[in-house]
Protein chains: 2
Amino acid sequence: MSQSSYHHGNLREALLERAVEVLGEVGVEGLSLRGLSRDLGVSHGAPARHFSSKGELLSAIAKEGYRRMTAAALMAAEGKTSAVERLRAMGRASVRWAMRNRAFYSAIMNPDVNRYGDEGLQASLQDYLAVVRAAFEAAQAEGWKPKHKLQALQIFGMATTIGASIIFSDYLKSNLFGELNDEKLIDEIIDLVIPPL
Amino acid sequence: MSQSSYHHGNLREALLERAVEVLGEVGVEGLSLRGLSRDLGVSHGAPARHFSSKGELLSAIAKEGYRRMTAAALMAAEGKTSAVERLRAMGRASVRWAMRNRAFYSAIMNPDVNRYGDEGLQASLQDYLAVVRAAFEAAQAEGWKPKHKLQALQIFGMATTIGASIIFSDYLKSNLFGELNDEKLIDEIIDLVIPPL
DNA sequence: AAAGAATGTTGTCAGTGACAACATTAAAAA
DNA sequence: TTTTTAATGTTGTCACTGACAACATTCTTT
């Protein structure tokens with residue numbers, strides 16, 4: 001943790017932090033390990049000690065993204081008085097989180113990332129899915145669409161969430177739908193997936 | 001159109017065709033103009049005459065993808081006897097098309113592509129959206145969720161379609177939900193978005 | 001037949017990811 | 001404390017890539 005001029009002292013975290021900034025500015029294709037090195041005043045070989053490839057760096061960002069998205073969803077559910085309301089809050093929170101954390105979300109969604117099949121990444125995704133699944137299960141137990149299979153309901157809900165996140169976090173596409181009042185529209189879409197009680 | 005050894009004769013189409021193959025195998029990051037040149041037995045500078053950058057090539061693929069997806073949706077709607085059934089068929093067809101055309105879909109979804117803001121690409125997307133919008137409008141006029149705003153319904157439906165396409169076309173993620181019977185699940189999800197009459 | 005436009009080739013450059021050999025510092029062991 | 005070892009950073013190098021410029025060949029149009 002010391003900062004001699006030779007050892008950075010906190011390079012791993014610094015790389016992740018700067019990478020998230022860069023991702024938000026120029027996207028996955030514009031991110032480069034060497035660029036990060038320059039930004040942090042470190043040699044081009046240094047990142048390799050922490051991330052053996054660009055894919056591994058992106059995986060780490062995706063993993064942290066899942067952690068934060070899960071936390072955001074759980075926090076939004078707190079204090080709600082019914083499982084249906086909790087699920088609705090989680091859906092809203094997920095879409096909002098994606099809009100406000102494009103950098104993380106772009107790492108999560110990048111198909112070229114998952115192929116590097118980080119174990120930790122898989123675990124984080126599993127955790128997220130477990131939380132989501134429990135919420136769907138509880139909502140159904142409370143009377144939401146009792147005739148449908150839980151698996152179908154979960155994929156339905158998650159698909160809508162993912163799609164909405166993509167649409168709302170892409171300025172370009174958003175414009176194609178006309179002017180969007182994001183907050184109201186998100187609420188209305190949540191209503192369509194899980195009608196309020 | 002002749003094939004002297006100097007002029008390829010059909011390079012633009014050949015590049016697109018091969019690029020789609022490569023995209024399906026190794027994804028956007030694995031696609032390279034020089035690799036395509038090698039595959040086609042052409043010099044590394046040749047593609048520049050047709051696509052001034054990798055982004056432009058991807059844009060062209062995305063554009064063609066929109067065209068085909070639109071065609072697939074319209075074809076699926078043919079012969080259906082109600083607007084609701086047409087909309088349901090279009091949703092099913094879109095998800096199936098994405099599953100069967102991952103290469104095109106990965107170009108369509110790649111956020112780093114759209115930034116190159118091809119005019120033609122924008123136009124194709126507009127065409128697709130116009131077709132979709134008309135279908136949603138007709139379904140609503142027929143009694144589907146009359147109390148909701150058309151814009152919200154369209155984004156809801158498209159979001160679910162996009163999300164389902166992503167989930168179903170990703171082997172890795174599919175496994176996380178347990179074994180998926182894709183066809184049946186897609187049908188059930190369509191039912192959840194647009195209940196059958 | 002000649003001129004000009006398309007199309008393809010060759011050469012080159014800087015940027016990149018990846019790796020190996022080496023340097024420095026921190027941590028652990030003795 | 002001293003020594004050894006592990007962690008971390010540096011430098012050098014390689015092949016690959018996208019992009020561009022100068023040049024060559026062929027097609028099209030006049």
Side-chain angles (χ1 to χ4, degrees), chain A residues 1-19 21-23 25-62 107 110-118, chain B residues 1-19 21-23 25-62 107 110-118:
Chain A
M1 199 73 64
S2 82
Q3 52 256 41
S4 61
S5 64
Y6 196 89
H7 280 145
H8 179 283
N10 198 25
L11 184 55
R12 191 190 146 90
E13 295 313 310
L15 282 168
L16 287 171
E17 193 178 331
R18 179 62 188 145
E21 290 175 19
V22 173
L23 271 184
E25 291 161 13
V26 294
V28 173
E29 308 258 359
L31 179 72
S32 88
L33 294 173
R34 287 172 106 109
L36 293 177
S37 304
R38 281 191 296 273
D39 294 347
L40 300 176
V42 100
S43 77
H44 70 258
R49 295 291 169 202
H50 304 280
F51 306 102
S52 72
S53 69
K54 182 178 170 181
E56 223 174 80
L57 172 62
L58 286 170
S59 279
I61 292 171
N110 193 301
D112 291 312
V113 169
N114 296 317
R115 308 240 163 107
Y116 285 81
D118 219 87
Chain B
M1 200 72 61
S2 82
Q3 51 255 43
S4 60
S5 64
Y6 196 88
H7 280 146
H8 179 283
N10 199 25
L11 184 54
R12 190 191 147 90
E13 295 312 310
L15 283 168
L16 286 171
E17 192 178 332
R18 179 61 189 147
E21 290 176 21
V22 173
L23 272 183
E25 291 160 14
V26 294
V28 173
E29 308 258 359
L31 178 72
S32 88
L33 294 173
R34 287 173 104 107
L36 294 177
S37 302
R38 281 191 297 274
D39 295 347
L40 299 177
V42 100
S43 78
H44 68 258
R49 296 291 170 202
H50 304 280
F51 307 102
S52 72
S53 69
K54 183 177 169 181
E56 221 174 82
L57 172 63
L58 285 171
S59 280
I61 293 171
N110 193 301
D112 291 311
V113 169
N114 297 315
R115 308 240 164 108
Y116 285 81
D118 219 87

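Because the structure is predicted, anything quoted here is derived from the model rather than measured. Below, read A as the first sequence line, B as the second, and so on, with proteins coming before strands; counting in each chain starts at 1. Heavy atoms only: backbone and side chains are in, while hydrogens, waters and symmetry mates are out.
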Query raised in the report: Got a sec? Which of residues 33-49 of chain B come in under 4.0 Å of DNA chain C, heavy atoms?
Result: B:Arg34, B:Val42, B:Ser43, B:His44, B:Gly45, B:Ala46, B:Arg49

Query raised in the report: Taking only side-chain nitrogens and oxygens of B:His50, does any of them come within less than 4.0 Å of OP1 or OP2 of C:dG8?
Result: yes

Requested in this report: Would you kindly give the CG-to-C1' distance between A:Leu11 and C:dA26, to the nearest whole Å?
Outcome: 15 Å

Query raised in the report: What is the distance, rounded to the nearest whole Å, between atom CD of A:Glu56 and atom C1' of C:dG17?
Result: 13 Å

**Report entry** Protein-nucleotide distance (A:Lys54, atom NZ; C:dG17, atom C1'), rounded to Å
**Finding:** 9 Å

Requested in this report: May I ask you to test the B:Leu36-B:Leu31 pair for a side-chain heavy-atom distance under 4.5 Å?
Outcome: yes

Query raised in the report: B:Leu31 CG to D:dG18 C1': how many Å, rounded?
Result: 12 Å

Query raised in the report: For B:Ser32 and D:dT17, is the shortest distance between a side-chain N/O and OP1 or OP2 below 4.0 Å?
Result: yes

Query - Reported CD-to-CG distance for the pair B:Glu17 and B:Asn10, which is rounded to 0.5 angstrom - result: 8.5 Å

Query - Separation between NZ of B:Lys54 and OG of B:Ser59, rounded to the nearest 0.5 Å - result: 12.5 Å

Query raised in the report: Can you tell me how far P of C:dG17 sits from CD of A:Glu29, to the nearest Å?
Result: 11 Å

Requested in this report: Have a look at B:Pro47 and tell me which of B:Ser37, B:Ser32, B:Ser52, B:Ser53 forms a side chain to side chain contact (heavy atoms under 4.5 Å, CB included) with it.
Outcome: B:Ser37

